[in-house]
Amino acid sequence: MTTAVPQDLRRAKGWTGALFERCLGATARSRALPDFEHLGIELKTLPVRLDGRPLETTFVCTIPLLDMARIEWEQSGVFKKLRRVLWVPVEGTRSTPVAARRIGTPLLWSPSPEEDAELRFDWEELAGMIGRGRVEDLTGHLGRYLQVRPKAADSHARRRALGADGAAFQALPRGFYLRTSFTARILQRAFVLGARPAR
DNA sequence: GGCTGATCATTA
DNA sequence: TAATGATCAGCC
């Protein structure tokens with residue numbers, strides 16, 4: 001990670017997240033472990049507008065396309081990643097210089113029974129499709145709160161996946177993402193509804 | 001303005 | 001190369 005604050009995030013898309021990992025002493029780096037290993041806490045910076053609502057979806061995890069048919073909800077990356085999350089809202093308004101963006105009040109969160117059920121419902125549908133070899137039928141339109149979208153260097157990237165005929169083929173790598181409607185509710189649950197900053 | 005598909009840097 | 005951290009960019 002560069003030490004200088006970038007002018008914009010076009011070529012430093014993960015800069016804010018890496019900054020907080022460093023400042024807060026996260027230990028896992030790019031391993032498949034919670035950011036704070038012995039605490040079981042995942043750190044997520046969340047870009048927000050001036051009114052506090054999320055600007056972007058939240059990446060959760062990559063999808064093991066060949067294994068989805070054998071994975072249960074409790075063993076899934078989505079379930080494990082989202083057991084405990086420290087959400088750190090950060091101003092993401094593009095017109096605001098990165099160095100001037102303010103940090104919101106962080107929130108240590110675990111899914112409520114309702115949220116857990118909502119995520120599981122979407123996961124069962126999406127994972128089920130992949131497990132049945134229908135990964136190519138997935139679009140970002142599916143899933144109420146959880147969605148599947150490309151997660152790759154570019155549109156030419158390929159990873160082995162299960163086809164409908166049971167044979168492996170080369171597919172665009174995908175990841176699970178949380179919709180902004182889901183993360184917006186998380187913040188609303190913690191901070192008073194209707195309370196908005198001036199201007 | 002919201003949303004989906006595309007893309008970028010860094011690290012192991 | 002694949003997984004991590006995400007935001008960009010353009011269509012609707």
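In what follows, every heavy atom counts, from backbone to side chain, and hydrogens, waters and symmetry copies are set aside. Every value quoted in this text rests on a predicted model; they were computed, and no experiment measured them. Below, chains carry the letters A, B, ... as their sequence lines are ordered, and counting in each starts from 1.
With sequence neighbours excluded, the residues satisfying salt bridge (charged side-chain N to carboxylate O under 4.0 Å, His left out) with R83(A) are D116(A). In terms of the side-chain contact (heavy atoms from CB on, under 4.5 Å) criterion, residue partners of E114(A) (sequence neighbours excluded) are, by chain and number, S112(A). Residues passing the side-chain contact (heavy atoms from CB on, under 4.5 Å) test with A171(A), sequence neighbours excluded: L65(A), V135(A), E136(A), A161(A), F169(A). Listed by chain and number, the residues in a salt bridge (charged side-chain N to carboxylate O under 4.0 Å, His left out) with R10(A) are D8(A) (sequence neighbours excluded).
One atom, CZ of R144(A), and another, P of dT4(B), lie 14 Å apart when rounded to the nearest Å. Residue H141(A) contributes atom NE2, which lies 11 Å from atom P of dC3(B) at whole-angstrom precision. Distance, I63(A) CD1 to dG5(B) P: 13 Å, rounded to whole Å. In this entry the distance linking CZ of F36(A) with C1' of dG5(C) reads 13 Å, nearest Å. Rounded to whole Å, atom P of dA6(B) lies 7 Å from atom CG of L172(A). Atom CZ in R49(A) sits about 10 Å away from atom P in dC3(B), given to the nearest Å. At whole-Å resolution of the value, CG in L65(A) and C1' in dT1(C) are 16 Å apart. Between the P atom of dA9(B) and the CD atom of E21(A) lies a distance of 18 Å, rounded to the nearest Å.
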Check your understanding: What string of B, S and - do you get for nucleotides 6-12 of chain C 5' to 3' if you count protein non-hydrogen atoms under 4.0 Å?
Key -> BBBB---
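In this structure, R84(A) contributes its side chain and L39(A) its backbone to a donor-acceptor pair below 3.5 Å.
With salt bridges taken as basic N to acidic carboxylate O contacts below 4.0 Å, none links K13(A) and E56(A).
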Counting only pairs under 3.5 Å, give me each side-chain donor-acceptor contact of residues 152-160 of chain A, with atom names and distances, residues two or more places apart or in other chains.
| residue | atom | partner | partner atom | Å |
| --- | --- | --- | --- | --- |
| D154(A) | OD1 | H156(A) | N | 2.8 |
| D154(A) | OD1 | A157(A) | N | 3.4 |
| R158(A) | NH1 | S155(A) | O | 3.1 |

Please output the side-chain donor-acceptor pairs of residues 91-99 of chain A that fall under 3.5 Å, not counting sequence neighbours, one pair per line with the distance.
| residue | atom | partner | partner atom | Å |
| --- | --- | --- | --- | --- |
| E91(A) | OE2 | R102(A) | N | 3.1 |
| E91(A) | OE2 | R102(A) | NE | 2.4 |
| E91(A) | OE2 | R102(A) | NH2 | 3.4 |

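A residue-by-residue look at H156(A) and L142(A) shows that L142(A) has its nearest nucleotide of DNA chain B further toward the 5' end.
Contacts with DNA chain C (heavy atom under 4.0 Å) in residues 119-132 of chain A: none are found.
Screening residues 44-78 of chain A for ring-ring contact (aromatic ring centres under 6.0 Å, His included), with sequence neighbours left out, gives F59(A)-Y177(A), W73(A)-F79(A), W73(A)-W123(A).
The side chain of R179(A) places an N or O atom within less than 4.0 Å of a non-bridging phosphate oxygen (OP1 or OP2) of dT4(B). Contact between the side-chain N/O atoms of T180(A) and the OP1/OP2 oxygens of dG2(B) is not found at any separation under 4.0 Å.
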